[in-house]
Amino acid sequence: MAQRRVLVLGASGYVGGRLVPRLLEGGQAVRCLARSPAKLAGAPWAPRTQIVAGDLSDGVGMAEAFADIDVVVHLVHSIGTGADFASADRDIALSVAATAQDAGVSRVVYLGGLGDITPDASPHLRSRAEVADVFLAARVPATVLRAGVIIGSGSASFEVLRHLVEKLPVMITPRWVDTPTQPIAIRDVLRYLVAVVDDDSSVNHDYDIGGDEPMTYLQMMRGYAQAAGLPHRMVIRAPWVTPRLSTHWLHAVTPVPFGLARELVLSQTVPTTVRAERDIRRDVPGDTLPYVEAVRVALARVRDRDVETSWREATTGLRAAEPHPDDPQWSGGVLYSDVRTARSAAPPAAVFAAVSGVGGARGWPTHRWAWGVRGLIDRLAGGTGLRRGRRDPDRLRVGDALDFWRVEAVEPPTAGREGLLRLRAEMRLPGHAWLEFRLTPDGAGTRLTQRALFAPKGLLGRAYWWALAPLHRPIFHSMANRLAADAAARPVESTSGA
C-alpha cells in the first residue's frame with residue numbers, strides 16, 4: 001500500500017500514544033493535533049511526526065492540521081470529565097467530520113464503544129454510539145471500531161482489575177459482575193487500527209472488536225488472579241449493591257477518579273459482546289491474544305517499568321484563557337505564592353534527580369501524614385487523591401500523572417540552562433495550583449527555588465489559601481531543605497538527570 005498521511009487526534013491518550021509509533025513503523029506519515037504540543041514533545045516518536053498546536057473544542061489549528069491528510073484517526077473522548085461530556089464529544093465529532101470533508105480527507109477512523117444501545121445503556125456508551133453515528137452519516141467514508149474492556153498495562157480497565165483483585169481476597173460482588181463482556185488486548189486494538197488505516201475503499205465499515213471469547217467481569221477477576229499467581233478469590237454475591245454504590249466502592253479501592261469510576265461501572269450493566277455480523281475478523285483475520293495471556297503481558301510490563309502509555313496521562317488540560325504561572329503579572333489577576341529557597345552542595349543534576357523522584361510509591365519528602373490527609377480529602381471529594389501514583393519511579397516527562405499533580409514542564413539542567421520541574425494540581429480545588437522547582441548553579445552547588453502558586457476562584461478560593469497558609473509554611477519550608485539535603489547525600493553515580 002502507498003504511504004498515507006495520517007492525522008491522529010488524541011495522540012496524548014492511552015491508545016493514541018501507542019498507535020503513533022506503530023503507524024510510523026508501518027511507513028505512514030503521521031501528524032498530531034495537540035492542545036499542548038509540549039506534552040507530546042517528550043515522546044520518543046515525536047521527532048518523526050509533525051505536531052500542530054490546536055484545540056478541537058474551539059476549532060483552533062484544525063484547518064492546518066487537516067490539510068493534505070488522507071486518513072484521520074479520532075481517539076478523543078471526554079469520559080468522566082463532567083455532566084456535559086456527551087454534548088462536547090458530539091460537537092467535536094461534527095466539527096471533525098465537517099473539517100475532514102472540507103480538507104478532502106479520504107477516511108475517518110473512530111474507536112468507539114462496544115454493545116447494543118438499550119434504555120439501560122450508560123451515558124458513556126450512548127455517547128460513543130452517537131459519535132459513531134455522526135461519522136457514519138457524514139460524507140467522508142468512515143470506519144468505526146467498537147471495543148469493550150481493553151486489557152493492557154496502564155489501561156483504566158486493567159488498573160481497576162489489578163487493584164480490586166490484588167487488594168480484596170474476599171469480594172462482595174454486585175449484579176453487574178455477571179454481565180457478559182468481551183475484553184481485548186491493547187495489542188489487538190492497535191493491530192486493527194493499523195489495518196483499517198490502510199483501507200482505500202469508499203464505503204463505510206462498522207466493526208465490533210473483541211478477544212477470543214465472551215466472559216463475565218467475575219470471570220475476568222478470577223482470570224486475573226490466575227495470571228498473577230494469586231490464591232482463589234472468595235466471592236460473596238450482593239445483588240442489592242446498586243451501580244451508584246459500586247461507583248463509590250471502585251473509587252475507594254482503585255486509583256480512578258469518581259467520574260471515571262461511575263462511567264466504567266455503568267458501562268458494565270449491559271452486555272458488551274461482539275456481534276457476528278460486525279466481527280472484524282471477517283475482514284482482518286488473525287488470532288487475538290487470550291485474556292489470561294493479555295493479563296500476563298500487562299503485568300510483565302508493569303513489573304519491568306515498561307508501561308508505554310497510561311490512562312493517567314489523559315487530561316483535559318487548561319484552556320488558553322485560564323491562568324498560568326508564565327502569564328505576565330498573571331494578567332492582573334490574583335496569584336498567591338509561597339516561595340522557599342535552599343542551597344545544596346550537590347550539582348544541579350543531582351538536585352534535579354532528587355526533585356524528580358518525589359511522590360508515587362516513594363512518597364513526599366516531609367510531613368507525609370499531611371500529604372496523606374490531603375489525598376484522602378481529595379478522594380472524598382471525588383478527585384484522584386494520591387493513589388494515581390506515577391508512571392516511572394525516577395523519570396518524569398511532560399503530561400505524566402504524579403499523584404494528584406500533572407507534570408507541566410520538565411527541563412533537566414544543562415551547562416547553559418537552569419533546571420525546571422513544574423507540576424499542575426489536578427485535585428479538587430477552588431482555583432488553580434502549581435508546584436514549581438527551579439535549579440540554578442551556585443558555585444560548586446545548586447540553589448533550589450521552590451514555588452507553590454495558587455490562582456483562586458472567587459471568595460472561596462481566597463479563603464482556602466489563607467486557611468491553609470499556616471500548614472503550608474512548615475511543609476514547604478521543610479520540603480525544600482530536605483530535597484537539597486537528599487541531593488547532597490546521593491551517590492555520585494546516581495546524580496544524572498531524569
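Note that the numbering runs from 1 along the sequence shown for the chain. The basis for the numbers below is simple: all heavy atoms, side chains too, and nothing from hydrogens, waters or symmetry mates.
Every side chain to side chain donor-acceptor pair (under 3.5 Å) that Arg275 has, sequence neighbours left out, goes to Asp116, Asp208. Taking Phe437 as the reference, nothing meets the ring-ring contact (aromatic ring centres under 6.0 Å, His included) condition, with sequence neighbours excluded.
Minimum interatomic distance between Cys32 and Leu40 (heavy atoms only, all atoms of both residues): CB-CD1, 3.8 Å. For the pair Arg22 and Arg18, the tightest heavy-atom approach, listed with the atom from each and the gap, is NH1-O, 2.6 Å. Nearest approach of Ala100 to Val108, heavy atoms of both residues: CB-CG2, 4.1 Å. The two atoms that bring Gly375 and Leu386 nearest to each other are CA-CG, 4.0 Å, heavy atoms only. Among all heavy-atom pairs drawn from Ala401 and Arg406, the shortest one is N-NH1, 3.7 Å. The two atoms that bring Phe66 and Val96 nearest to each other are CE2-O, 3.8 Å, heavy atoms only.
Using modelled atom types, no side-chain atom of Ser155 and backbone atom of Ile151 make a donor-acceptor pair closer than 3.5 Å. Using a distance-only test at 3.5 Å, with no hydrogens or angles considered, no donor-acceptor pair links the side chain of Gln28 to the main chain of Val6. Using modelled atom types, no side-chain atom of Arg424 and backbone atom of Val407 make a donor-acceptor pair closer than 3.5 Å. Checking side-chain atoms of Asp400 against main-chain N and O of Arg397 turns up a donor-acceptor pair under 3.5 Å. The main-chain N or O of Val358 is found under 3.5 Å from a side-chain atom of Arg390 such that the two form a donor-acceptor pair. Without hydrogens or angle criteria, Asn204 side chain to Pro141 main chain gives no donor-acceptor distance under 3.5 Å. Without hydrogens or angle criteria, Asp212 side chain to Pro290 main chain gives no donor-acceptor distance under 3.5 Å. Not one N or O on the side chain of Ser95 forms a donor-acceptor pair closer than 3.5 Å with the backbone of Asp91. Here the side chain of Arg395 pairs no donor or acceptor atom with the backbone of Ser356 at under 3.5 angstrom. A donor-acceptor distance shorter than 3.5 angstrom exists from the side chain of Asp70 to the backbone of Arg5, with no hydrogens or angles considered.
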Problem set entry | Check against salt bridge (charged side-chain N to carboxylate O under 4.0 Å, His left out), Arg422 and Glu411 | CA-CA 9 Å; Arg422 183 188 299 129; Glu411 298 175 9; over 6 Å; no

Exercise. For Arg388 and Glu426, what are the C-alpha separation, side-chain angles and deciding distance, and is it a side chain to side chain contact (heavy atoms under 4.5 Å, CB included)?
Worked result: CA-CA 11 Å; Arg388 197 166 55 172; Glu426 291 189 340; 2.9 Å; yes

For this session: Dump the intermediate steps for side chain to side chain contact (heavy atoms under 4.5 Å, CB included) on Arg278 and Asp206, then the final yes or no.
Result: CA-CA 7 Å; Arg278 289 185 174 178; Asp206 192 355; 3.4 Å; yes

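With a 4.5 Å cut-off on side-chain heavy atoms, Met220 and Ser157 do not count as touching. The shortest side-chain heavy-atom distance between Gln182 and Glu213 does not fall under the 4.5 Å cut-off. A heavy-atom distance below 4.5 Å is not found between the side chains of Val177 and Thr216. Contact check for Val196 versus Tyr192: no side-chain heavy atoms found under the 4.5 Å cut-off. Counting heavy atoms from C-beta on, the side chains of Leu420 and Leu439 never come closer than 4.5 Å. A heavy-atom distance below 4.5 Å is not found between the side chains of Tyr110 and Val134.
The distance from atom OG1 of Thr273 to atom CG of Asp279, rounded to the nearest 0.5 Å, is 10.5 Å. In this structure, Leu111 CG and Leu145 CG are separated by 6.0 Å, a value rounded to the nearest 0.5 Å. Rounding to the nearest 0.5 Å places CZ of Phe352 at 11.0 Å from OG1 of Thr414. Annotation: the span from Leu429 atom CG to Asp378 atom CG amounts to 7.5 Å, rounded to 0.5 Å. A distance of 4.5 Å separates CH2 of Trp405 from CG of Leu435, quoted to the nearest 0.5 Å.
A tilted orientation is assigned to the rings of Trp434 and His432, their planes being inclined by 30° to 60°.
Within a 6.0 Å sphere centred on CZ of Arg301, heavy atoms belonging to other residues, nucleotides or ligands number 12 at most. The number of heavy-atom neighbours closer than 6.0 Å to CZ of Arg282, taken from other residues, nucleotides and ligands shown, is above 12. Heavy atoms from other residues, nucleotides or ligands lying under 6.0 Å from CZ of Arg187 number 12 at most.
Applying the side chain to side chain donor-acceptor pair (under 3.5 Å) test between Tyr224 and each of Arg162, Gln219, Glu166 identifies Glu166 as the sole match. The residue from Arg4, Arg107, Arg191 that alone fulfils the salt bridge (charged side-chain N to carboxylate O under 4.0 Å, His left out) condition with Asp198 is Arg4.
With 3.5 Å as the limit, one finds no donor-acceptor pair spanning the side chains of Asp178 and Tyr217.
Under a 4.0 Å N-O distance rule, the pair Arg362/Asp394 qualifies as a salt bridge.
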